[in-house]
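Numbers restart at 1 for each chain; the letters A, B, ... are given by sequence-line order, proteins then strands. Computed from a predicted structure; not experimentally measured.
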Number of protein chains: 2
Amino acid sequence: MQPSGRVPESTAARLPVYLRVLSDLAGVDSISSEELAAACGVSSAQLRKDLAVLGSHGTRGVGYDVPGLRDALAAELGLEQDWPVVIVGGGNLGMALANYAGFLSRGFRVVGIVDADQLRAGEAVVGGLVIQPMADLARIIRRTHAVIAVIATPAEGAQPVADELVAAGVTGILNFAPVVLSVPAGVAVRDVDLGVELQLLAFHEQQRSLGRDSRREGE
Amino acid sequence: MQPSGRVPESTAARLPVYLRVLSDLAGVDSISSEELAAACGVSSAQLRKDLAVLGSHGTRGVGYDVPGLRDALAAELGLEQDWPVVIVGGGNLGMALANYAGFLSRGFRVVGIVDADQLRAGEAVVGGLVIQPMADLARIIRRTHAVIAVIATPAEGAQPVADELVAAGVTGILNFAPVVLSVPAGVAVRDVDLGVELQLLAFHEQQRSLGRDSRREGE
DNA sequence: TAGATTGTTAATCGATTAACAATC
DNA sequence: TAGATTGTTAATCGATTAACAATC
């Protein structure tokens, strides 16, 4: 009933997508791996293999039980209660993230936002939150028991912030700053770098045009 | 001199990080795979193998030529000139992205931003840009020859926007909307979903605590 | 029962790591 | 030359795909 054996990294990375798609499937109570896979943008073989790590939530000849599978995914991901999240950086991006409405429905609650700039402190965010001075960071983390934090500072500030987060007990960091953070083993970091993403698209465009050229040259 | 053979997906995904780290290495003109790998958060074996796809920019016994390698990476990624980028969605996130200063230095130039909401049209962004009505999207793409676009709309709007982008000639999409886009083969989509990223961190926390529990039970 | 579809196994494919010969 | 470090090969590892027996 509570499988949670080792889940391969590559499988884990897809579970949130499955959960999202299933959550959008209001009213449907059964779906085949073929249909669900199409909606998730993966192959049905891969979907079935991935879902097998959750134990059996399908019925042969019929398909998967949508609400049951959704609940199992949420449980596997640890989303049975909300996680408090602290945001560091109150610039354009930090504010956009703090105001992101989807947060709550996906299992997270912003419990604090801080900024190094004194001028920003005091500014209001959603949910009755106010930007607080960086000096309060450790205190906020301890008070809210947040173990997940978002870094949305300029590159220079990111490593010291990460150090402080880790010292205060944070073990999961979503990093938007364009730097490689160094953190102790056991602390998870996920990097999101707009520039990197765009450069990968540029690479794709480049390949595309090279491909076209060599086809023109007729190989 | 111009290798550009097939580059494995997994290697391609790391090239922008190498480029970023090398760009931050002002003044250094030579570096060993060991040092550079550490700065990039990968193993030296992996770094050497990855860099080999660019041809030879290292000297045995010495290390890699930093400026040479940086230029080779930029060339491989197609960053020898700036790519025009159109942003769809002028909400919190779209605005934050449009105002992101790092854009230009990484090889991109925002040439247009549109929003479906009439009330937002006319609002000013950086670089003399102004939010334009959604109806102008195709025209903007054709005028600027943009082939890369960013979708920063709510989930509902994303698929119709993607369809319109593709129809207008866009072949690379950076998608921030929490939906699986369906696009024709040959169009590259990169998804960035804040919720997915956080859920993966939650999963990590969950695993962490399960690990702790079973250790307590003394296995 | 017949048809459909899961869960799982085996085969394939690709990516990472280790090791070292080539060479500065 | 001796020491260092790349470029590359071979070995390992993990992920994906294909296929099908189990079973509703």
Atom of B/V62, atom of B/S30 and distance for their closest heavy-atom approach | CG1-OG, 3.8 Å
Tell me, which stems hold DNA chain C, with a stem being 3 or more Watson-Crick or G-U pairs in a row and both distances under 3.5 Å?
-> C:3-24 with D:3-24
Contact span of DNA chain D against chain A, any nucleotide atom under 4.0 Å from a heavy atom, 5' to 3', runs D/dA15 to D/dC24
Please report the closest heavy-atom contact between B/V179 and B/A158, naming both atoms and the distance.
-> CG2-CB, 3.6 Å
With sugar-phosphate meaning primed atoms plus P, OP1 and OP2, does B/T11 contact a base, only sugar-phosphate, or nothing at under 4.0 Å between heavy atoms?
-> nothing
What heavy-atom pair brings B/H204 and A/G186 nearest, and what distance separates the two atoms?
-> CE1-O, 3.3 Å
Taking all non-hydrogen atoms of both residues, which atom of A/F108 and which atom of B/Q199 are closest, and how far apart?
-> CZ-N, 3.5 Å
For B/G89 against B/D115, the heavy-atom pair lying closest together = C-OD2, 3.6 Å
Quick check: are there more than 12 heavy atoms from other residues, nucleotides or ligands sitting under 6.0 Å from CD of A/E9?
-> no
Could you identify which residues of residues 37-50 of chain B place a heavy atom less than 4.0 Å from some atom of DNA chain C, listed by residue number, or say none?
-> B/S43, B/A45, B/Q46, B/R48, B/K49
Of all the heavy-atom pairs spanning A/L201 and B/L174, show the shortest one and how long it is.
-> CD1-N, 3.7 Å
Relative to the 5' end of DNA chain D, which residue comes earlier, A/V62 or B/G58, by the nucleotide with the nearest heavy atom?
-> B/G58
For A/Q159 and A/D163, does a side-chain donor sit closer than 3.5 Å to a side-chain acceptor?
-> yes
Can a salt bridge be assigned to the pair A/D193 and B/R106 using a cut-off of 4.0 Å between side-chain N and carboxylate O?
-> yes
B/V170: which of B/I141, B/V86, B/L137, B/V147 passes side chain to side chain contact (heavy atoms under 4.5 Å, CB included) = B/I141
